[in-house]
S.K.: 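Before anything else, here's the structure in question.
Sequence positions, counted from 1, serve as the residue numbers for this chain.
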Amino acid sequence: MPNSTTPIPHSVAQRPDWMRELAVASLEDIQMISATVKSWPNYQILAGPELGSIMIYGRIAGNGSPFPVGECSITRCMVEDAQGHTGYSWILGQETERALWAARWDALLQDSAHFQDLWHRTIQPLQQKRLRNEQAVADKMQRTQVQFFSMENMRA
């Protein structure tokens, strides 16, 4: 176990970021960025891709006690590449091919020799696309928000 003075490699610190982007990216987007990799390392599948389900919990008003909302299907996968990097993925829904690609990407991005180039060429564009899509949804919701007129509003 590393002590608190051991610096964390830049790529390890960003692992949650790339795993989030891979988990929400479409299969088409993952295949598009995968085509930019000149040489994929050999890998073996350690587990999956396999389908399962998880319980989703919510909170009343965002801060109340948690309560079970329902189940959600997931696909998970674990691979190991020839360099010993273990890649994981957890994908909402039943998409085995997408989970396999995401796990392969997780393993590939752990290679510090190629990390910076891959981060800038692949993960950042996925992140920018996700942020644009989220902003478009937020803008649409704002345009369609109903402003109720009531006596309470008239007094203000």
Side-chain angles (χ1 to χ4, degrees), residues 8-38 40 43 45-79 81 85-112 114-156:
I8 298 173
H10 191 58
S11 64
V12 173
Q14 290 178 292
R15 190 172 188 198
D17 296 330
W18 79 60
M19 290 189 80
R20 177 186 56 240
E21 300 309 328
L22 293 168
V24 299
S26 68
L27 177 61
E28 293 79 23
D29 287 341
I30 292 176
Q31 288 175 332
M32 181 186 67
I33 65 170
S34 297
T36 66
V37 177
K38 293 179 179 77
W40 280 92
Y43 70 96
I45 297 174
L46 300 178
E50 57 191 358
L51 306 176
S53 63
I54 57 172
M55 181 62 71
I56 303 293
Y57 289 87
R59 292 181 183 269
I60 295 175
N63 59 4
S65 297
F67 65 94
V69 175
E71 290 186 357
C72 181
S73 61
I74 63 166
T75 308
R76 67 180 184 174
C77 186
M78 182 170 54
V79 301
D81 67 13
H85 299 119
T86 304
Y88 300 91
S89 68
W90 297 271
I91 305 290
L92 287 177
Q94 300 179 4
E95 298 187 58
T96 55
E97 187 175 358
R98 196 174 105 190
L100 178 59
W101 275 110
R104 289 181 69 192
W105 268 101
D106 180 41
L108 183 65
L109 286 163
Q110 292 176 52
D111 182 3
S112 58
H114 305 290
F115 171 75
Q116 289 298 329
D117 180 48
L118 290 172
W119 176 263
H120 293 295
R121 284 191 304 117
T122 60
I123 300 302
Q124 280 187 334
L126 286 178
Q127 185 178 44
Q128 291 166 355
K129 182 176 182 178
R130 177 185 56 81
L131 292 172
R132 281 193 308 271
N133 291 343
E134 287 175 359
Q135 187 61 49
V137 169
D139 291 346
K140 183 176 181 179
M141 288 175 63
Q142 183 64 33
R143 286 193 311 269
T144 60
Q145 183 177 8
V146 177
Q147 298 293 328
F148 291 100
F149 184 75
S150 68
M151 294 301 288
E152 190 68 32
N153 292 341
M154 288 177 56
R155 292 184 195 141

S.K.: Please enumerate all residues that pass salt bridge (charged side-chain N to carboxylate O under 4.0 Å, His left out) together with Asp29, with sequence neighbours excluded.
M.R.: Lys129
S.K.: Does Ile60, at its CD1 atom, have more than 12 non-hydrogen atoms belonging to other residues, nucleotides or ligands within less than 6.0 Å?
M.R.: no
S.K.: According to the salt bridge (Lys or Arg N to Asp or Glu O under 4.0 Å) rule, which pairs have a member within residues 55-68, sequence neighbours left out?
M.R.: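 Passing the test, one end in residues 55-68: no pairs.
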S.K.: Taking C-beta and beyond as the side chain, do Val37 and Thr122 meet within less than 4.5 Å on heavy atoms?
M.R.: no
S.K.: Using side-chain contact (heavy atoms from CB on, under 4.5 Å) as the criterion, list what pairs up with Met55, not counting sequence neighbours.
M.R.: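 Met55: side-chain contact (heavy atoms from CB on, under 4.5 Å) contacts with Tyr57, Pro68, Glu71.
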S.K.: Taking only residues two or more places apart in sequence, or in another chain, which ones meet Asn63 in a side-chain hydrogen bond (donor to acceptor under 3.5 Å, both in side chains)?
M.R.: none
S.K.: Please list all pairs meeting salt bridge (Lys or Arg N to Asp or Glu O under 4.0 Å) that have one or both residues in residues 132-141, counting only residues at least two apart or in different chains.
M.R.: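 Listed by first then second residue: Arg130-Glu134.
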S.K.: Quick check: closest heavy atoms across Gly93 and Thr75, and the distance to 0.1 Å?
M.R.: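 Here Gly93 and Thr75 meet closest at O-OG1, 2.7 Å.
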S.K.: Would you mind reporting whether Ile123 and Leu22 have side-chain heavy atoms less than 4.5 Å apart?
M.R.: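 Yes - at least one pair of side-chain heavy atoms lies under 4.5 Å apart.
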S.K.: Per the ring-ring contact (aromatic ring centres under 6.0 Å, His included) rule, what does the pair list look like for residues 120-142, sequence neighbours excluded?
M.R.: none
S.K.: Is the shortest heavy-atom distance from the side chain of His85 to the side chain of Tyr43 under 4.5 Å?
M.R.: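 No, every pair of side-chain atoms sits at 4.5 Å or beyond.
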S.K.: Can you name the side-chain contact (heavy atoms from CB on, under 4.5 Å) partners of Asp17, sequence neighbours left out?
M.R.: Gln14, Arg20, Trp119
S.K.: Output a table of donor-acceptor pairs, distance under 3.5 Å, between side-chain atoms of residues 95-107 and any protein atom two or more places apart or on a different chain; print 'none' if there are none.
M.R.:
{"unit_1": "Glu95", "atom_1": "OE2", "unit_2": "Arg98", "atom_2": "NH1", "d": "3.0"}
{"unit_1": "Glu97", "atom_1": "OE2", "unit_2": "Gln31", "atom_2": "NE2", "d": "3.0"}
{"unit_1": "Arg98", "atom_1": "NE", "unit_2": "Ala25", "atom_2": "O", "d": "3.3"}
{"unit_1": "Arg98", "atom_1": "NH2", "unit_2": "Ala23", "atom_2": "O", "d": "2.7"}
{"unit_1": "Trp105", "atom_1": "NE1", "unit_2": "Ser34", "atom_2": "OG", "d": "2.7"}
{"unit_1": "Asp106", "atom_1": "OD1", "unit_2": "Arg15", "atom_2": "NE", "d": "2.9"}
{"unit_1": "Asp106", "atom_1": "OD1", "unit_2": "Arg15", "atom_2": "NH2", "d": "3.4"}
{"unit_1": "Asp106", "atom_1": "OD1", "unit_2": "Trp18", "atom_2": "NE1", "d": "2.8"}
{"unit_1": "Asp106", "atom_1": "OD2", "unit_2": "Arg15", "atom_2": "NH2", "d": "2.5"}
{"unit_1": "Asp106", "atom_1": "OD2", "unit_2": "Tyr88", "atom_2": "N", "d": "2.8"}

S.K.: List the atom pairs, donor and acceptor, that lie under 3.5 Å between side-chain atoms in residues 46-54 and the rest of the protein, sequence neighbours left out.
M.R.:
{"unit_1": "Glu50", "atom_1": "OE2", "unit_2": "Arg76", "atom_2": "NE", "d": "2.7"}
{"unit_1": "Glu50", "atom_1": "OE2", "unit_2": "Arg76", "atom_2": "NH2", "d": "2.9"}

S.K.: Please check this pair: side chain of Glu21 against backbone of Gln124, looking for a donor-acceptor N/O pair closer than 3.5 Å.
M.R.: no
